[in-house]
Visitor: 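Submitted below is the structure of interest, expressed as structure tokens.
From a predicted model like this one, the values you see are computed outputs, not experimental measurements. Residue numbers start from 1 in every chain, and the chains themselves are labelled A, B, ... in the order their sequence lines are given, proteins ahead of strands.
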There are 2 protein chains.
Amino acid sequence: MDKRIERTRREVLGAAIALLGERGYAAFNMEAVASKAGVSKSTLYRHWPTKLSLIADALETLNVQPKPGPVDGDIRQRVTMLLCHLAEALTASPFAACMPGLIEAAKHHAEVAHFLHEYSAHRRETLVALLRDAVAAGELPVDFDAETAALALSGAIFYRRLMTPKPYLSEEMPALVAAILGSAVSAE
Amino acid sequence: MDKRIERTRREVLGAAIALLGERGYAAFNMEAVASKAGVSKSTLYRHWPTKLSLIADALETLNVQPKPGPVDGDIRQRVTMLLCHLAEALTASPFAACMPGLIEAAKHHAEVAHFLHEYSAHRRETLVALLRDAVAAGELPVDFDAETAALALSGAIFYRRLMTPKPYLSEEMPALVAAILGSAVSAE
DNA sequence: ATGATATGAGACGGTACCGTACTATAAATG
DNA sequence: CATTTATAGTACGGTACCGTCTCATATCAT
């Protein structure tokens, strides 16, 4: 295994994600990546024949495993914790920085759209599963709509992050959870 | 009043918004605007000295007045109707097409960020007011959190529009409203 | 009608980025 | 050590867009 190749891939993919986050999908260009990665342009093109192939490769980097949620506490606490992780991922992760650019790029590049859809669906699934389990365990009413609730919870966090000047903070999360689960859980 | 100037402004601003929607903030360039507007580049630069001034001017065009919501029906119906309008505005309006590009641009241009924040805040206010009135009228519990509910409702719609392949449809809106107001209103 | 003004058409230099090609050097492999 | 392979550095032609400029033409105001 050639160390030179490993190093090149590592540096370039890192630089690509950083650039995507800092300057957006549009300003992303091969020469900037090469310069930021400390790699020559010829090397860059040897590994990734085109700009899109590099971006596609870089996006893989963003697919992180969400930590397995702890199962202690009541349903409100568990959901709150999960949402705090989500809020964190949407404000302070590499993905967070790239998200606006990806949303824009998704309009014109199906692969990017697919990536976004997968990413959001994947994160939402965990939340839906959590809520479903709570329904099954009798912590939530049997007619509780887990899918819609998950959309509303995730949506509020995305919305605040993308369309308002102040993203959700951890302190505010219990209020959000209470608003969606609150009255429903009061039937317990 | 010179008709030539009116025509130029009208055509150019229209072309600018169209282009912003079709090809995104990045691909937005003066030559494309001129060509699309059927106007020469020299004319373009006489009216708007720079690209950003044109964009700023074009954004004003997007500020449409939301129709005054009808006041008939119970609170669920009124909210549902308002949300349908919102969903419509997020999928089929000139603003809708521009939104992804604007979200991306907001990262680097404070004016664009400000525009987005104002736009979303403005739309949310109507919803919050509606919910507050319902609380005051006893249609919703006194401890109902109108702000958070409005965030969750709007958020779900934005989220589906931006991060998933299928935006909210009118048929699904009652289910969303029920999930957020549903159990709360059952106390009536 | 006549002078003022807005427009059309396009050339222009400048800049930035694309993707390719070539050579010389450095590092890995066996 | 000898050979293969990856890289640096850089020049290149091509394209796209910026913002400026000039000049001829069309349209307005009075």
Visitor: Whether B/His47 contacts C/dA6 is assessed here as follows: a side-chain N or O lying under 4.0 Å from the phosphate OP1 or OP2. Is that the case?
Guide: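 Answer is no, no contact under 4.0 Å.
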Visitor: Taking the side chain as C-beta and beyond, is there a heavy-atom pair between B/Ile55 and B/Tyr25 under 4.5 Å?
Guide: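 Yes; the side chains approach each other to less than 4.5 Å.
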Visitor: Side-chain N or O of A/Thr8 less than 4.0 angstrom from OP1 or OP2 on D/dA6?
Guide: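 It does not, given that no N or O in the side chain of A/Thr8 lies less than 4.0 Å from OP1 or OP2 of D/dA6.
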Visitor: In this structure, how many angstroms lie between the C1' atom of D/dC18 and the CZ atom of B/Phe28, rounded?
Guide: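 Spelled out: CZ on B/Phe28 to C1' on D/dC18 is 13 Å.
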Visitor: Just by modelled atom types, is the A/Ala105 backbone N or O under 3.5 Å from a matching donor or acceptor in the A/His109 side chain?
Guide: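 Not confirmed, A/His109 side chain does not pair with A/Ala105 backbone.
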Visitor: Check this one for me: any side-chain N or O of B/Ser40 less than 4.0 Å away from OP1 or OP2 of C/dA9?
Guide: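 Result: no.
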Visitor: Rounded to the nearest Å, what distance is computed from the CG atom of residue A/Leu52 to the P atom of nucleotide C/dC18?
Guide: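 Result: 11 Å.
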Visitor: Determine the interplanar angle of the B/Phe95 and B/Tyr119 rings, folded into 0 to 90°, and report it as parallel if under 30°, tilted if 30 to 60°, perpendicular if over 60°.
Guide: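 Judged by the thresholds at 30° and 60°, the geometry between B/Phe95 and B/Tyr119 is parallel.
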Visitor: So which atom in A/Tyr168 and which in B/Leu151 form the shortest heavy-atom distance, rounded to 0.1 Å?
Guide: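 The pair with the smallest heavy-atom distance is OH-CD1, 3.5 Å.
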Visitor: Salt bridge between B/Glu22 and A/Lys107, side-chain N to carboxylate O under 4.0 Å?
Guide: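 Looking at B/Glu22 and A/Lys107, the cut-off is not met.
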Visitor: Starting at the 5' end of nucleotides 19-30 of chain C, put B wherever the base has a protein heavy atom under 4.0 Å, S where only the sugar-phosphate does, and a dash everywhere else.
Guide: BBB----BBSS-
Visitor: In plain terms, say whether B/Glu11 and B/Lys36 are close enough for a salt bridge, that is, a side-chain N and a carboxylate O under 4.0 Å apart.
Guide: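 Between B/Lys36 and B/Glu11 there is no salt bridge, as every charged N stays at least 4.0 Å from the carboxylate O atoms.
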Visitor: I need the CG-P distance between A/Asn29 and C/dC17, as an integer number of Å.
Guide: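 Distance, rounded to whole Å: 4 Å.
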Visitor: So that I can tick it off, tell me whether A/Arg123 and A/Glu118 are bridged by a salt bridge, with the cut-off set at under 4.0 angstrom between side-chain N and carboxylate O.
Guide: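 No, no charged N to carboxylate O under 4.0 Å.
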Visitor: In whole angstrom, what separates B/Leu19's CG from D/dC17's C1'?
Guide: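 In whole Å, D/dC17 C1' lies 13 Å from B/Leu19 CG.
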Visitor: Using the side-chain heavy atoms of A/Arg7, tell me which of these nucleotides is nearest: C/dT7, D/dA8, C/dC17.
Guide: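 Of the options given, the side chain of A/Arg7 lies nearest D/dA8.
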Visitor: Give the rounded distance in Å between these two atoms: CH2 of B/Trp48 and P of C/dA6.
Guide: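 In whole Å, C/dA6 P and B/Trp48 CH2 are 13 Å from each other.
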Visitor: Write down the distance between CD (A/Glu11) and P (D/dA6), rounded to a whole number of angstrom.
Guide: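 From A/Glu11 CD to D/dA6 P: 18 Å.
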Visitor: Starting at CZ of A/Arg23 and ending at P of C/dA16, how long is that distance when rounded to a whole Å?
Guide: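 The distance from CZ of A/Arg23 to P of C/dA16 comes to 11 Å, rounded to the nearest Å.
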Visitor: Within this structure, what is the CZ-to-P distance between B/Arg9 and C/dA6, rounded to whole angstrom?
Guide: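 My rounded result for the distance is 13 Å.
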